[in-house]
Amino acid sequence: MFERLEKMLIEYPWKPNKHTKTSNMRKGQYSINVGKTCHWQGHKGKDKPMLPSVAMRENKHEIYNECKRIFPEHPFDCIMINKNFKCIPHKDKNNTGNSIIVGLGDYNGGDLVVEGEGHCILYSPLVFNGHDKEHWVEDWSDGDRYTVVLCCSKFKAMTKV
């Protein structure tokens, strides 16, 4: 079910994050939005338009389309892809509703902890509300840990790009 998506993540041209929010990540950690992203410049309030991210334009929507194929019933506009990303306890302030996360790769451990309860997400999708529930990632060992998070932004999506 996840073979093609996993291959896309392994072959993805991962680049270091340049944003202040993620600049303190350990070497080898990556987190990139390959879905739509909020366009901040020139907009005030919650009416910031959602447009395809640079990464979404660069990969010609391949990862986005594969996620739509795998999860056709789940609404989303953002897709965060992560490689060896270990997040600290937090809530997703810009998300609305339920998110889906799935882990891929050849790692051991790395459970997603939601409100204190650990979940093995390796090839096992988990639906949870990241806006309302505090969550974080436990340590893992061995290989690379990839995750894909499908979520909806609180900002409005543009119908035309």
Side-chain angles (χ1 to χ4, degrees), residues 2 5 8-9 12-26 29-104 110-122 124-138 145-161:
F2 299 110
L5 180 58
M8 289 177 176
L9 296 178
Y12 191 82
W14 298 95
K15 299 175 187 173
N17 294 82
K18 296 179 183 175
H19 304 289
T20 55
K21 181 179 176 183
T22 54
S23 62
N24 293 327
M25 295 192 307
R26 297 184 317 238
Q29 286 194 84
Y30 306 91
S31 184
I32 300 166
N33 181 353
V34 295
K36 294 183 182 174
T37 189
C38 182
H39 183 73
W40 292 92
Q41 293 180 321
H43 297 278
K44 296 180 180 180
K46 292 185 179 181
D47 287 340
K48 297 172 182 74
M50 296 290 292
L51 300 169
S53 67
V54 171
M56 185 180 189
R57 292 189 306 263
E58 287 176 354
N59 74 20
K60 301 179 180 72
H61 302 75
E62 291 174 14
I63 293 173
Y64 191 90
N65 290 341
E66 182 63 9
C67 290
K68 283 283 190 191
R69 185 191 70 77
I70 295 171
F71 300 104
E73 302 299 318
H74 185 76
F76 62 88
D77 51 26
C78 297
I79 301 176
M80 295 304 300
I81 60 171
N82 307 295
K83 178 180 180 184
N84 298 329
F85 184 67
K86 184 176 182 213
C87 63
I88 59 173
H90 71 286
K91 292 182 181 180
D92 300 323
K93 67 179 181 175
N94 291 327
N95 292 4
T96 62
N98 285 331
S99 298
I100 292 182
I101 185 170
V102 64
L104 305 169
D111 284 359
L112 178 70
V113 180
V114 180
E115 294 286 317
E117 182 180 345
H119 301 271
C120 176
I121 59 168
L122 184 58
S124 182
L126 175 69
V127 177
F128 75 106
N129 188 317
H131 180 270
D132 293 341
K133 299 187 181 291
E134 185 176 65
H135 54 284
W136 64 91
V137 174
E138 291 288 312
R145 181 184 185 271
Y146 298 94
T147 57
V148 176
V149 183
L150 312 177
C151 55
C152 287
S153 170
K154 71 179 181 182
F155 302 105
K156 71 177 185 178
M158 298 289 284
T159 55
K160 294 183 180 181
V161 179

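- Considering only residues two or more places apart in sequence or on other chains, Ile70 meets the side-chain contact (heavy atoms from CB on, under 4.5 Å) condition with Met1, Phe2, Leu5, Glu66.
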Legend entry - Steps toward side chain to side chain contact (heavy atoms under 4.5 Å, CB included) verdict (Ile32, Trp14): CA-CA 9 Å; Ile32 300 166; Trp14 298 95; 3.7 Å; yes
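- With sequence neighbours left out, the side-chain contact (heavy atoms from CB on, under 4.5 Å) criterion links Pro75 to Cys152.
- Atoms CD1 and CD1, from Ile121 and Ile100 in turn, are 12.0 Å apart once rounded to the nearest 0.5 Å.
- Without hydrogens or angle criteria, Trp136 side chain to Lys86 main chain gives no donor-acceptor distance under 3.5 Å.
- Of all the heavy atoms in Phe85 and Gln29, the pair that sits closest is CA-OE1, 3.2 Å.
- Atom CG in Leu9 sits 6.0 Å away from atom CG in Leu104 (nearest 0.5 Å).
- In this structure, the separation between CD on Glu117 and CG on Leu112 is 10.5 Å, given to the nearest 0.5 Å.
- Put simply, CD1 on Ile81 and OH on Tyr12 are 4.5 Å apart, with the number rounded to the nearest 0.5 Å.
- Between the side chain of His131 and the main chain of Asn129, no donor-acceptor pair closer than 3.5 Å is present.
- Judged as a side chain to side chain donor-acceptor pair (under 3.5 Å), and not counting sequence neighbours, Glu134 has no contacts.
- Checking side-chain atoms of Asn84 against main-chain N and O of Arg145 turns up a donor-acceptor pair under 3.5 Å.
- Two rings, from Phe76 and Tyr64, have their centers less than 6.0 Å apart.
- Under a 3.5 Å cut-off, the side chain of His74 and the backbone N or O of Asn98 do form a donor-acceptor pair.
- Using the six-membered ring where Trp is involved, His135 and Phe128 have ring planes that are perpendicular, over 60° apart on the 30 and 60° scheme.
- The side chain to side chain contact (heavy atoms under 4.5 Å, CB included) test with Met80 singles out one residue from Leu150, Val148, Asn33, and that residue is Asn33.
- Around NZ of Lys133, the count of heavy atoms belonging to other residues, nucleotides or ligands within 6.0 Å does not exceed 12.
- For Cys151, the side-chain contact (heavy atoms from CB on, under 4.5 Å) criterion is met by Cys78, Asn95, Ser99, not counting sequence neighbours.
- Under the rule for a side chain to side chain donor-acceptor pair (under 3.5 Å), the partners of Thr147 that lie at least two apart in sequence or sit in another chain are Asn82.
- Here the shortest heavy-atom pairing between His90 and Cys87 reads CE1-SG, 3.4 Å.
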